[in-house]
Amino acid sequence: MRSHYCGQVTEKLENKNVTISGWVHRRRDHGGVIFIDLRDKEGLVQVVVNPDNAEKFAKAEKVRSEFVLTVQGTVLGRTAETINPKMNTGKIEIVADNIEILSTSAPIPFQLDDKTISEEVRLTYRFLDLRREEMQQVLRTRYQITRTMRRFLDDKGFMDIETPILTKSTPEGARDYLVPSRTHQNKFFALPQSPQLFKQLLMMSGFDRYYQITRCFRDEDLRADRQPEFTQLDIETSFMGEEEVMQIMEELVKTIFSEVGSINFEYDFPRITYADSIRDYGIDRPDLRIDMKLVDVADLLQDIDFKVFAGPAKDPQGRVAALRVPEGGKMTRKEIDDYTNFVSIYGAKGLAYIKVNKLADGLAGLQSPIVKFFPEQALEVMARVGAEDGDLVFFGADKAKIVNEALGALRCKIGEDLAMLEKDWAPVWVVDFPMFELDEQTARLAAIHHPFTQPKATTEEILNHKAPEQMLSKAYDLVINGLEVGGGSVRIHDTDMQAAVLKLLGISDKEANDKFGFLLNALKYGCPPHAGMAFGLDRLVMIIANRDSIRDVIAFPKTQSAACMLTEAPGLVDNEQLSELDLRFRKPIKE
RNA sequence: GGAGUAGUAGCUCAGAUGGUUAGAGUACCUGCCUGUCACGCAGGGUGUCGAGGGUUCGAGUCCCUUCUAUUCCGCCA
């Protein structure tokens with residue numbers, strides 16, 4: 001049915017007979033001659049149908065968009081006036097000897113070259129949406145990335161091993177997707193949030209280097225960069241520490257960017273500690289494409305007669321920080337109001353600012369509703385943040401968490417709005433994460449990474465630590481352009497240390513045994529030191545393919561309510577199925 | 001759970017202040033056309049104005065409820 005792909009018929013094949021098959025991209029009927037652009041995965045080629053044969057011509061007249069055809073014909077060079085420089089195959093055309101209609105098509109609900117189609121329509125007809133060149137290209141990029149990952153890891157002695165999809169609910173972490181068991185009454189499987197425990201067990205089994213490109217499931221609300229089922233490149237190694245894992249993972253990422261995106265990082269990825277990242281950027285996944293930092297000014301403003309600033313400045317839990325926007329003085333009142341509105345999302349009660357008109361004029365050169373509250377300190381603050389004429393300096397003063405989130409987000413928003421991105425790519429390792437965080441509602445400690453991460457402390461120190469929330473862990477995240485693309489840690493390989501961590505987390509022996517006793521048990525039988533990492537494949541593809549949404553790099557994604565527009569999943573099931581599972585609804589089904 | 005935005009023809013959208021028969025482009029259909037490549041020309045409207053309720057003499061427009069999509073907050077070890 002095919003001697004060549006449409007997109008690969010070039011002038012080299014002139015005067016040759018070819019057979020091509022594909023979809024009718026467009027038909028132009030001139031009455032006496034009909035042009036058909038035929039499309040397959042390699043591209044488009046123009047087919048010319050002349051009226052020299054009535055049967056053939058009649059078929060061409062019947063043809064419509066998206067019909068599937070096989071065309072036999074002769075490749076001919078176009079005359080100079082009819083060459084189409086916009087097409088790769090524009091120097092030639094195929095003069096049809098014979099046309100076969102393999103499949104007709106109803107009028108399609110949207111035109112493939114229309115770039116303004118709503119996502120709702122695209123997802124409902126995803127099989128058509130995926131015909132678009134753009135989507136074909138993205139999925140090809142995705143495949144090239146996974147292929148590169150596999151080759152890189154295979155060459156380094158990593159082995160691909162599958163782990164169960166039907167598994168057990170884990171403590172903490174995200175909400176599980178549950179699957180009722182028919183053979184075990186009242187019991188449920190959980191879909192894995194990640195193969196974390198299995199890959200640790202594989203290390204204990206002696207496989208030494210494991211990887212898997214695998215689906216993970218988390219039943220939480222969606223975002224542009226979050227789907228309830230997503231794909232991870234999951235990796236674990238034995239007898240490697242933080243440094244070795246980070247090095248090999250960095251090499252992997254560089255290889256992917258180089259081979260798939262022709263982007264070459266000729267430097268070591270910078271590293272930043274969690275604490276520094278929060279201090280300078282307000283967030284643990286800093287976008288280093290933007291050259292602005294938060295600057296602490298609390299020490300200068302503790303004693304002023306302006307409670308909005310002085311209060312948080314004196315509060316150990318508070319923070320007063322400034323964000324200097326170079327040349328931000330051009331901002332209008334409305335723009336500033338919009339930013340004030342923006343930070344309110346994060347709980348900020350306001351957004352103070354100082355416009356720097358002319359520093360040489362001293363206080364008179366500063367334009368601001370708040371300078372009058374601290375005339376003595378204002379210039380010192382300006383010096384601290386490095387303000388120059390024409391700048392605008394924003395201030396956040398509140399609980400540290402609020403200031404960090406508000407100014408951190410503001411920094412990125414302004415960076416984008418004012419086109420302040422200084423480079424295309426900014427990878428960075430974030431290291432020295434705290435081991436625990438204090439849950440404000442329950443006042444309990446929770447693991448920031450997961451409870452199997454090794455703290456930077458001995459078992460003794462873990463048990464006797466006076467401020468466990470200050471303890472660091474051997475965890476690391478890889479952040480690119482403000483997006484967390486991967487994270488990992490050194491794991492605990494010692495029974496006593498694992499018990500100590502679980503104890504701090506307030507997980508009882510019984511609970512630990514119920515939920516992952518198999519892991520604790522395995523730890524007893526010779527566990528190698530091991531460490532690993534997992535990459536969010538979808539995010540990595542998104543960033544390399546330069547898309548704004550993870551949905552654009554997944555063939556069949558879910559909507560924000562975790563539904564599939566195409567299959568209309570999730571759906572109702574038969575009563576018979578429910579009764580086999582011994583399940584019943586607590587409320588009547590709404591029609 | 002919360003905040004914002006959107007929902008009118010197959011698609012993308014217009015439709016101040018409530019007013020007669022709801023429009024445009026495109027797609028589609030019919031006819032014409034032998035060099036187009038977003039072909040062109042002439043003609044044709046194919047509609048549950050997301051759904052339900054309310055106000056009104058009268059609702060695409062106002063009010064309430066609700067559904068869907070999307071962005072964000074919470075959530076996501």
Side-chain angles (χ1 to χ4, degrees), chain A residues 25-38 44-52 57 64-66 76 78-87 89-90 93 95 105-125 128 170-176 193-194 196-197 216-228 230 341-348 402 405-406 409 413 433-437 439-441 445-453 473 475 484 487 489 501 505 507 534 536 548-549 551 558-561 563 565 568 590:
Chain A
H25 193 65
R26 199 168 274 114
R27 185 189 72 128
R28 292 176 294 281
D29 184 348
H30 286 245
V33 60
I34 296 171
F35 300 98
I36 295 170
D37 292 339
L38 205 64
L44 289 176
V45 70
Q46 173 165 284
V47 173
V48 184
V49 187
N50 289 312
D52 49 0
F57 201 70
R64 293 292 180 274
S65 285
E66 300 306 312
L76 290 184
R78 299 197 196 181
T79 59
E81 322 82 75
T82 59
I83 284 178
N84 183 351
K86 284 186 279 186
M87 284 174 85
T89 59
E93 59 194 8
V95 178
S105 168
I108 59 172
F110 58 90
Q111 284 141 284
L112 296 187
D113 52 5
D114 190 339
K115 296 200 184 345
T116 61
I117 305 301
S118 71
E119 210 169 355
E120 206 166 345
V121 174
R122 287 176 54 203
L123 291 181
T124 305
Y125 298 96
L128 296 179
T170 47
E172 302 192 70
R175 198 176 289 118
D176 286 314
Q193 294 181 24
S194 86
Q196 181 61 36
L197 299 182
C216 303
F217 306 86
R218 295 177 191 175
D219 187 6
E220 296 292 346
D221 287 345
L222 289 80
R223 287 286 190 281
D225 64 351
R226 252 160 52 190
Q227 285 268 303
F230 58 100
N341 214 10
F342 174 76
V343 296
S344 72
I345 298 171
Y346 302 90
I402 290 174
E405 285 174 8
K413 176 141 183 72
F433 277 82
M435 180 70 201
F436 306 105
E437 67 185 335
D439 186 312
E440 283 174 18
Q441 269 139 34
L445 285 180
I448 282 193
H449 200 64
H450 55 59
F452 316 106
T453 299
S473 70
E484 184 197 331
S489 66
V501 168
L505 289 170
I507 297 175
D548 292 325
S549 165
R551 291 185 300 277
K558 301 278 187 287
T559 67
Q560 192 163 40
S561 64
M565 303 282 295
E568 297 184 304
K590 281 183 234 162

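Below, chain A is the first sequence line, B the second, and so on; all start at residue 1. This is a predicted model, so every value here is computed, not measured. Because only heavy atoms are used, hydrogens play no part in the values below, and waters and symmetry mates are left out as well, while side chains stay in.
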Query raised in the report: Taking the six-membered ring for Trp, are Y346(A) and F342(A) parallel (under 30°), tilted (30 to 60°) or perpendicular (over 60°)?
Result: perpendicular

Tell me whether the OP1 or OP2 atom of [N] has a side-chain N or O from [X] closer than 4.0 Å.
{"X": "R551(A)", "N": "U71(B)", "answer": "yes"}
{"X": "R26(A)", "N": "C39(B)", "answer": "yes"}
{"X": "T79(A)", "N": "G35(B)", "answer": "no"}
{"X": "K86(A)", "N": "A38(B)", "answer": "yes"}
{"X": "R223(A)", "N": "C73(B)", "answer": "yes"}
{"X": "R28(A)", "N": "U36(B)", "answer": "no"}
{"X": "R122(A)", "N": "C11(B)", "answer": "no"}
{"X": "S118(A)", "N": "A69(B)", "answer": "no"}

Report summary line: d(H450(A) NE2, S473(A) OG) to nearest 0.5 Å is 9.5 Å

Query raised in the report: Looking at CG of L445(A) and CG of L505(A), how far apart are the two atoms once the value is rounded to the nearest 0.5 Å?
Result: 6.5 Å

Query - T89(A) side-chain N/O to Q46(A) backbone N/O, donor-acceptor pair under 3.5 Å - result: no

Requested in this report: Measure from the ring centre of H30(A) to the centre of the six-membered ring in the base of U36(B), then say whether that distance is under 5.5 Å and the planes meet at under 30°.
Outcome: no

Requested in this report: Compare the aromatic ring of F35(A) with the six-membered base ring of U36(B) and state whether they stack according to the 5.5 Å and 30° rule.
Outcome: yes

Choose from [options] the nucleotide whose nearest atom is closest to any side-chain atom of [X].
{"X": "D29(A)", "options": "U36(B), A69(B), C33(B)", "value": "C33(B)"}
{"X": "S549(A)", "options": "C37(B), U71(B), C11(B)", "value": "U71(B)"}
{"X": "P51(A)", "options": "U34(B), C76(B), C73(B)", "value": "U34(B)"}
{"X": "E120(A)", "options": "C37(B), U30(B), U68(B)", "value": "U68(B)"}
{"X": "S561(A)", "options": "A69(B), C72(B), C29(B)", "value": "A69(B)"}
{"X": "R226(A)", "options": "C76(B), G10(B), U12(B)", "value": "C76(B)"}

Any strand is fair game: report the nucleotide pairing with [N] by Watson-Crick or G-U wobble, both distances under 3.5 Å, or none.
{"N": "U61(B)", "value": "none"}
{"N": "C75(B)", "value": "none"}
{"N": "A6(B)", "value": "U68(B)"}
{"N": "A22(B)", "value": "none"}

Query - Chi class for A51(B): syn within 90° of 0, otherwise anti - result: anti

Query raised in the report: Do the charged groups of R226(A) and E220(A) touch, with an N to O distance under 4.0 Å?
Result: no

Query raised in the report: Is there a donor and acceptor pair closer than 3.5 Å between the side chain of E405(A) and the base of G74(B)?
Result: no

Query raised in the report: With a non-hydrogen cut-off below 4.0 angstrom, is D114(A) in contact with a base, only sugar-phosphate, or nothing?
Result: sugar-phosphate

**Report entry** Residue pair R28(A), D37(A): steps toward the salt bridge (charged side-chain N to carboxylate O under 4.0 Å, His left out) verdict
**Finding:** CA-CA 9 Å; R28(A) 292 176 294 281; D37(A) 292 339; 2.9 Å; yes

